[in-house]
Amino acid sequence: MTIPEKLQALRAVMKANGIDIYVVPTDDFHQSEYVGEHFKARAYITGFTGSAGTAVITLDEAGLWTDGRYFLQAGKQLEGTTITLRKMGEPGVPTIPEYLAEALPTGGTLGVDGRVISVNTGDEYEKIAADKGGKIQYHQDLIDQIWTDRPELSREPVFALGVEYAGETTESKLTRIREEMKKNHADKHVLTTLDDICWTLNIRGNDVEFFPLVLSYAVITMDSMELYIDESKLDDELKASLSKDGVHLHPYNDIYEDIKKLDADTTLLLDKVRLNYALYKNIPEQVTIVDVQNPEILFKALKNETEIENIRKAQIKDSIAHVRFMKWVKENVDKQEITEISASDKLDEFRAEMGNFLRPSFDPISAYGEHGAIVHYSSTPETNVQVKEGSLLLMDTGAGFYEGSTDVTRTYALGEIPQYMKDDFTLVAISNLCLADARFKEGISGANLDYLARRPFWERNMDFNHGTGHGVGYLLNVHEGPAGFHWRTRGNSICPFQKGMVITDEPGIYIEGSHGIRLENEVLVCEGEKNEYGQFLHFEIITLIPFDLDAINPDIMTESEKKLLNQYHAKVYETLAPHLTEEEAEWLKKYTREI
């Protein structure tokens, strides 16, 4: 079916069920950022394939809300669908709640699959409906009724992540979680977020696109952990290991009925932001709810010494692969046909040669020329173009090694490029290096520090329409809370940085119809001096890949900015050269020379 035909079929189902507006988010039942094939309902009904967006369908119109990363991509993919692109945050564009409040008729019914929205979102929708004298209907997945060839839920096997990688046993992690439960006077704790469950149990899988996660739910008590999972994914050895830690197995969907059976005197710790609305509505009214951030969120963000040691190894592996790729693409761009997709594949070939490589850690962005201006562009056979001399190739990719996940962006000059591209590239490099050089007191958050990255842009009346950085999980979600960089004081930008956090530093420039530039390193939060003024922190850059000197204009850099670049490149060469062939090391010396 075409998109208009799918919308027509959905509206017929809506009418049959008395639903006036139906909302289709991106999420699965676990509020995951990326989802498995079974859960791509929003992509199915709109044709928009970006990782973030919400479709709202009424009986006579349809809209898609997405953020600045996807404006260009969504605009192209929605052409001819009759779906209106709603650019979130832009002047005159209503928020989804504002639109629902206006569009829902008096006494109308707002429909949504309650399993794919959070409690807070569900409560908001419920209030909107009530204010219009209507109701919310959250018990049905209407997309499922028209998606006749929908993929089944993943049945990929689960594997254990050894303590040599995780650095802490499940027993120890459960002990720490239960201590937090006691602090909150809770005797049970429900979890639906996959990365929190996988982190706790030291397991990984293949149920979510790119992220090695396992579809599951969990309820942690003071002496057990009830795990809801497709048991066929677990081998006998893993079952025995989980059993030793007091983990009891249940069918995946049984949690919806089991949660109804909680004793009235239960005090349940949960995180409304990270729990689905349908499950929450099944909790008996008599149960006492303690709504706080899942303790696992901060626990897994503070990497232990074993994880940090492994992450450094993963970064060196990935940096070597990038250096080999950079050398290859520059030397071969005018000798053989290289496309966006073949370039991305080649980089992963170099990664695989490093050993312990599982797969990309997210949907790779390989964008040449004007495609680079599409912030989260993903090349397809239809859009795939040949990369040639005279422009820029932006590669935002990541690797999942047993030693950890990486998230790296480099932009390469292919042949001679125009001066304005060099100036833009240099501005992004200045931004990246200035942020990484920050020294700050404990208690400072990303909202405080983001100015260091944006100052070079704002001084030129420029900006980039995305956050400057995010946390990175250890073979979990590559976008991980609770800390990050953004000038807006909300979400991850307000969490203070702490020792052991790994954060990305990724400013960019996007010139529609021309080019895009992003340079992304991961930085480790480290403790500095502690004195009468307090505890000081700083960042250590752990990504070690050259910033392409073919695209640097030193004339627009200050001496201190040049010094930062030279110091970084000296570290890159010193660290990587011993791992390279003599020819590769000589090539790297050229691209890490002082300017």
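Not measured: the values here are computed from a predicted model. Counting from 1, the numbers follow the sequence of the chain as shown.
Partner of F485 under the ring-ring contact (aromatic ring centres under 6.0 Å, His included) criterion, chosen from F464, Y451, F539: F539. The salt bridge (charged side-chain N to carboxylate O under 4.0 Å, His left out) with E584 is formed by just one residue from the set R324, K327, K589; it is R324.
Heavy atoms from other residues, nucleotides or ligands lying under 6.0 Å from NZ of K388 number 12 at most. Atom CD of E331 sits in a crowded spot, with more than 12 heavy atoms from other residues, nucleotides or ligands closer than 6.0 Å. Annotation for E574: atom CD does not count as buried by contact number, only 12 or fewer foreign heavy atoms lying within 6.0 Å. More than 12 non-hydrogen atoms from other residues, nucleotides or ligands lie less than 6.0 angstrom from CD of Q419.
Taking the centre of each ring, Y474 and Y165 stay at or above the 6.0 Å mark. Taking the six-membered ring for Trp and the full ring otherwise, the centers of Y420 and H515 sit less than 6.0 Å from each other. Between Y377 and Y368, the distance from one ring center to the other does not fall under 6.0 angstrom.
In this structure, L565 CG and L549 CG are separated by 6.0 Å, a value rounded to the nearest 0.5 Å. Atom NZ of K317 is separated from atom CD of E353 by 12.5 Å, given to the nearest 0.5 angstrom. D28 contributes atom CG, which lies 9.5 Å from atom CG of L213 (distance to the nearest 0.5 angstrom). To the nearest 0.5 Å, the span separating CG on D207 from CG on L215 amounts to 4.0 Å. Between T193 atom OG1 and K300 atom NZ the span is 6.5 Å, to the nearest 0.5 Å. Note that CZ of F401 is 13.0 Å distant from CD1 of I311, once rounded to the nearest 0.5 Å.
Looking at E349 and K346, a side-chain N of the basic residue comes within less than 4.0 Å of a carboxylate O on the acidic one, giving a salt bridge. Using a 4.0 Å cut-off between charged side-chain N and carboxylate O, E296 and R274 make no salt bridge. One finds no salt bridge joining R312 and E309 here, because no Lys/Arg side-chain nitrogen approaches an Asp/Glu carboxylate oxygen to under 4.0 Å. Salt-bridge check for E416 with K422: passed, with a basic side-chain N closer than 4.0 Å to an acidic carboxylate O. Between R439 and E529, no side-chain nitrogen of the basic residue sits less than 4.0 Å from a carboxylate oxygen of the acidic one, so the salt-bridge criterion is not met. One finds no salt bridge joining E586 and K590 here, because no Lys/Arg side-chain nitrogen approaches an Asp/Glu carboxylate oxygen to under 4.0 Å.
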Checklist entry - side chain to side chain contact (heavy atoms under 4.5 Å, CB included) between N465 and V375: does it pass, once the steps are laid out? => result CA-CA 9 Å; N465 197 7; V375 178; over 6 Å; no
**OP:** Before giving the answer on side chain to side chain contact (heavy atoms under 4.5 Å, CB included), spell out for M557 and I595 the whole-Å C-alpha distance, their side-chain angles and the decisive distance to 0.1 Å.
**Re:** CA-CA 10 Å; M557 301 179 75; I595 62 167; 3.9 Å; yes
**Evaluation steps, salt bridge (Lys or Arg N to Asp or Glu O under 4.0 Å), between E382 and K76** = CA-CA 12 Å; E382 293 75 29; K76 293 179 183 295; over 6 Å; no
**OP:** Step by step, work out the side chain to side chain contact (heavy atoms under 4.5 Å, CB included) result for F425 and L519.
**Re:** CA-CA 9 Å; F425 184 100; L519 296 172; 3.9 Å; yes
(message) Please determine whether side chain to side chain contact (heavy atoms under 4.5 Å, CB included) holds for the pair L452 and F440, giving the CA-CA distance in whole Å, both sets of side-chain angles, and the decisive distance to 0.1 Å.
(response) CA-CA 12 Å; L452 294 173; F440 52 97; over 6 Å; no
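Without hydrogens or angle criteria, H470 side chain to V478 main chain gives a donor-acceptor distance under 3.5 Å. Counting only distance, with no hydrogens or angles, the side chain of R518 and the backbone of I509 share no donor-acceptor pair below 3.5 Å. The backbone N or O of Y70 sits nowhere less than 3.5 Å from a side-chain atom of Q73 that would complete a donor-acceptor pair. Between the N310 side chain and the G404 main chain, no donor and acceptor come within less than 3.5 Å of each other. Looking at N332, its side chain does come within 3.5 Å of a backbone N or O of W328 through a donor-acceptor pair. A donor-acceptor pair under 3.5 Å is absent between the side-chain atoms of T468 and the main chain of D450, judged by distance alone. Not one N or O on the side chain of T383 forms a donor-acceptor pair closer than 3.5 Å with the backbone of S379.
The aromatic rings of F325 and Y412 lie tilted to each other, with the angle between the two planes from 30° to 60°.
At least one side-chain heavy atom of L302 sits under 4.5 Å from a side-chain heavy atom of M501. V502 has its side chain out of reach of E307: every pair of non-hydrogen atoms, C-beta onward, lies at least 4.5 Å apart.
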